[in-house]
2 protein chains.
Amino acid sequence: MGIKPAKTLTLSDIARLAGVSESTASRALRDNPVINAQTRQKVQQIAAEHQFKVNATARSLRTQKSYTIAVIILFDAKTQQAITDPFLLDILGVIADELTRQGYDMLLSTSKTTDKDWRSYYFDSKRADGLIVIGQGEHDERVEQLSSAGVPFVVWGAATGNESFPVIGSDNRQGAQLAVAHLIAQGCKRVAFLGDIRHTEIEMRYLGYLDALQAAGINVEPALQLNTDFTAQAGYLQTQQTLFSQLGSLDGIFAASDAIAMGTMKALLEHGIKVPQQVALVGFDDIAMSAYCTPSLTTVKQDTHAGGKLLVAQLLSRINGGKAASQLLPVKLIERQSSLRKH
Amino acid sequence: MGIKPAKTLTLSDIARLAGVSESTASRALRDNPVINAQTRQKVQQIAAEHQFKVNATARSLRTQKSYTIAVIILFDAKTQQAITDPFLLDILGVIADELTRQGYDMLLSTSKTTDKDWRSYYFDSKRADGLIVIGQGEHDERVEQLSSAGVPFVVWGAATGNESFPVIGSDNRQGAQLAVAHLIAQGCKRVAFLGDIRHTEIEMRYLGYLDALQAAGINVEPALQLNTDFTAQAGYLQTQQTLFSQLGSLDGIFAASDAIAMGTMKALLEHGIKVPQQVALVGFDDIAMSAYCTPSLTTVKQDTHAGGKLLVAQLLSRINGGKAASQLLPVKLIERQSSLRKH
DNA sequence: TACGCTATTGCAATCGATTGCAATATCACC
DNA sequence: GGTGATATTGCAATCGATTGCAATAGCGTA
């Protein structure tokens with residue numbers, strides 16, 4: 001009478017309904033070929049009729065595989081806010097889709113909360129078969145710990161060549177070099193760098209910046225490198241507080257992320273500085289908004305799609321006993337109004 | 001010799017090392033008071049020394065609780081891309097933190113990939129104890145299905161008062177009403193609405209738009225409501241293709257999201273239209289970039305922090321046998337340059 | 001000394017599915 | 001009819017932790 005409490009059915013219920021043993025039912029549901037075709041169909045049909053779903057927990061326990069990957073997003077201890085950079089969402093979406101496509105679930109964690117010990121929490125406890133760590137932060141020692149513990153994991157970040165774990169990431173150095181060379185080609189003589197070089201990825205971008213300056217025979221002024229967090233606000237404040245007052249005449253700025261660049265642009269425009277005529281500006285990431293601010297933002301586009309897929313592919317390969325290798329992804333300069341003086 | 005293979009220890013190993021039974025070890029680790037204090041300490045110490053972590057899978061199987069919540073992000077079938085709106089990341093971050101704080105893990109899924117049957121996949125299979133659905137999409141029938149199936153879940157979206165499930169969301173109608181009333185106060189006589197009203201949240205915003213117009217005695221022109229997807233690109237194209245050519249003279253635009261508004265702004269500025277002098281513009285969401293575009297964007301701020309916490313609180317209450325109630329969160333108009341004509 | 005009560009601890013079942021191995025049935029072929 | 005090979009199916013152990021209930025020990029008191 002009325003709707004039944006819908007107690008979840010178990011495999012043994014299905015087996016009973018189909019008149020076979022649990023083992024036969026299990027094999028039938030997994031399409032094991034030793035099972036007679038008719039039996040298999042019957043079991044599958046009954047399971048479907050009752051909307052039976054294998055209990056994932058029991059299966060995991062028995063098979064010792066969770067088919068779950070933990071994704072950990074590292075971010076600044078300082079910027080204690082929730083994840084903010086739009087770029088993260090981009091790559092997160094790709095990873096989510098790709099994991100699903102491969103039959104894996106995704107457990108998401110932000111470093112703020114689980115800063116204890118990922119290995120214990122996710123791996124030792126069998127919550128996940130492997131880890132994807134996004135961002136190396138400021139040389140986070142926890143990442144190094146993982147590598148010594150035999151945990152399958154891959155990192156999105158900057159490969160320096162020295163790390164003992166696989167790192168997938170954009171060719172930050174070349175991207176920055178392209179960006180700054182472009183600024184120089186537009187006539188810039190004195191270019192500032194906004195970004196916190198304590199992050200490995202940003203450090204690489206700084207090296208690319210130096211590459212471009214040196215290739216052009218421009219003298220490097222260390223004072224033009226300003227540590228700036230990954231937010232529009234940081235870019236805005238940095239520009240207001242430092243760039244104008246302390247730095248003499250600049251004619252170009254390379255911001256280590258689009259978010260920073262947007263803050264910078266705001267500050268410049270507020271001061272009546274014309275972008276790109278007086279100061280040309282280039283960012284990094286190509287977030288969605290970059291094309292739609294005014295002037296639109298020249299930037300370096302990372303291939304998040306390839307990156308996400310590669311992260312997943314490498315991790316799964318590693319989990320299945322194979323090797324995972326670090327890899328650099330090519331980037332592309334997207335020229336927009338914030339830096340284009342000619343034409 | 002060398003590093004040991006580090007085979008994971010089980011509870012029975014710890015029990016043996018401590019010289020007690022598994023049951024005692026289990027109780028000791030969970031701080032069960034019936035266990036003698038000395039025994040408890042000894043067991044805990046040994047567990048700590050060996051970095052023992054309870055196997056979450058086994059525990060889940062036995063206790064019938066996964067301490068995991070599945071978060072499902074719905075988005076347009078049309079915009080088949082990965083999650084794009086920065087607003088989502090905001091609330092996702094809050095939910096992640098709050099779940100962690102409450103001892104729950106978060107399983108993230110995007111609707112594109114798991115469009116089968118969430119109930120089966122997440123709940124029947126015991127992967128999750130409950131679901132948080134973000135966005136109702138275009139009256140997604142799958143959400144309704146959930147409610148009839150006894151699955152604990154809550155939705156972030158727009159409560160209409162008719163739904164059979166708990167919906168937490170901003171007071172979209174009032175937010176829109178505030179925004180449009182503000183435009184009218186700035187002198188706008190003819191205000192367009194950009195947003196796809198097939199989404200319940202947007203529909204509410206449209207109602208608020210109508211409220212404000214009617215309160216001001218302004219005639220409603222249905223042609224001024226233009227279905228537009230949640231992206232800057234959609235806003236840009238819509239503005240270019242429709243607003244200029246077909247709509248006569250507008251002096252105000254209310255965009256249903258900041259992303260749309262930014263696209264619109266770009267198109268307006270490209271056409272040499274002065275914002276806010278000729279056309280005043282208001283968005284919705286208060287994403288991080290809104291303060292940093294030029295002119296900065298007036299918008300309606302949603303309280304994502306309260307929203308995320310409330311979603312989690314209601315869901316957990318529901319899981320623990322309590323009730324979950326729909327709730328409307330207050331919003332706030334943030335006045336910025338894109339609409340401020342006076343002063 | 002015996003009895004009852006409390007404080008601790010252990011035994012064994014249980015959660016639900018998977019799988020190695022044994023058991024049975026079926027069939028071909030000599 | 002007998003024998004071995006093959007196709008199906010079932011039994012029972014197993015994954016690792018939790019927990020109801022029984023068992024034991026220790027202690028106070030009549």
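So that the names make sense, note that chain A is the first sequence line, chain B the second, and so on, each numbered from 1. The structure displayed is predicted, hence computed values, not measured ones. Hydrogens, waters and symmetry mates play no part in the numbers below; they use all other heavy atoms, side chains included.
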Rounded distance (Å) that lies between atom [atom2] of [N] and atom [atom1] of [X]:
X      : N      : atom1 : atom2 : result
A:D124 : D:dA17 : CG    : P     : 12 Å
B:K126 : C:dG16 : NZ    : P     : 7 Å
B:N32  : D:dT19 : CG    : P     : 9 Å
B:R30  : D:dG16 : CZ    : P     : 18 Å
B:R127 : C:dA17 : CZ    : C1'   : 13 Å
B:L29  : D:dT18 : CG    : P     : 8 Å
B:I35  : D:dT19 : CD1   : P     : 13 Å

Does [X] put a side-chain nitrogen or oxygen below 4.0 Å from OP1 or OP2 of [N]?
X     : N      : answer
A:R27 : D:dT9  : no
B:T39 : C:dT9  : yes
A:Q64 : D:dT14 : no

- Task: Go through the structure and list residues passing salt bridge (charged side-chain N to carboxylate O under 4.0 Å, His left out) with A:R127, not counting sequence neighbours.
- Result: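 For A:R127, the residues satisfying salt bridge (charged side-chain N to carboxylate O under 4.0 Å, His left out) (neighbours in sequence not counted) are B:D105.
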- Apply salt bridge (charged side-chain N to carboxylate O under 4.0 Å, His left out) to A:R30 and list each qualifying residue two or more places apart in sequence or on a separate chain.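 If we apply the salt bridge (charged side-chain N to carboxylate O under 4.0 Å, His left out) test to A:R30, skipping adjacent residues, there are no hits.
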- Got a sec, which pairs hit salt bridge (charged side-chain N to carboxylate O under 4.0 Å, His left out) with one end in residues 16-26 of chain B, sequence neighbours left out?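 Residue pairs passing salt bridge (charged side-chain N to carboxylate O under 4.0 Å, His left out), neighbours aside: B:D13-B:R16.
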- Measure from the side chain of A:T63, starting at C-beta and using heavy atoms only, and say which of D:dT18, C:dG20, C:dT18 lies closest.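 It is C:dT18.
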- Query: Ignoring hydrogens and geometry, is there a side-chain-to-backbone donor-acceptor pair from A:S60 to A:A56 under 3.5 Å?
  - Reply: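 Between the backbone of A:A56 and the side chain of A:S60 there is a qualifying donor-acceptor contact (under 3.5 Å).
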- Message: Test of understanding: with side chain to side chain contact (heavy atoms under 4.5 Å, CB included), list the residues that count as partners of A:K53, not counting sequence neighbours.
- Response: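 Side chain to side chain contact (heavy atoms under 4.5 Å, CB included) check on A:K53 returns B:S120, B:D124, B:S125.
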- Item | Residues that A:I319 engages under side chain to side chain contact (heavy atoms under 4.5 Å, CB included), provided they are two or more places apart |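 Testing A:I319 for side chain to side chain contact (heavy atoms under 4.5 Å, CB included), a comparison that skips the adjacent residues, returns A:K65, A:I69, A:Y104, A:D129, A:P152, A:L315, A:L316.
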- Item | Residue pairs, two or more places apart or on separate chains, that pass side-chain hydrogen bond (donor to acceptor under 3.5 Å, both in side chains) and touch residues 307-325 of chain A |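 Sorted result for residues 307-325 of chain A: empty, none.
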- In residues 16-25 of chain B, which residues come under 4.0 Å of DNA chain D by heavy atom?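 The stretch gives B:E22, B:S23 as the residues lying under 4.0 Å from the strand, ordered by number.
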- Kindly state which residues belonging to residues 48-62 of chain A come within less than 4.0 angstrom of DNA chain D, counting heavy atoms of the residue only, listed by number.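 Contacts with DNA chain D under 4.0 Å: A:L61, A:R62.
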Sequence neighbours left out, what passes side chain to side chain donor-acceptor pair (under 3.5 Å) with [X]? Give chain and number order.
X      : result
B:Q41  : none
A:T68  : none
A:S326 : none

- Item | Divergence of helical axes at both termini of the helix from C:dT1-D:dA30 to C:dC30-D:dG1 - five pairs an end, 10° steps |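 What I find for the helix from C:dT1-D:dA30 to C:dC30-D:dG1 is an axis angle of 70°.
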- Query: Under a 4.5 Å cut-off applied to non-hydrogen side-chain atoms, are B:L108 and B:L92 in contact?
  - Reply: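 Answer yes - side chains close enough.
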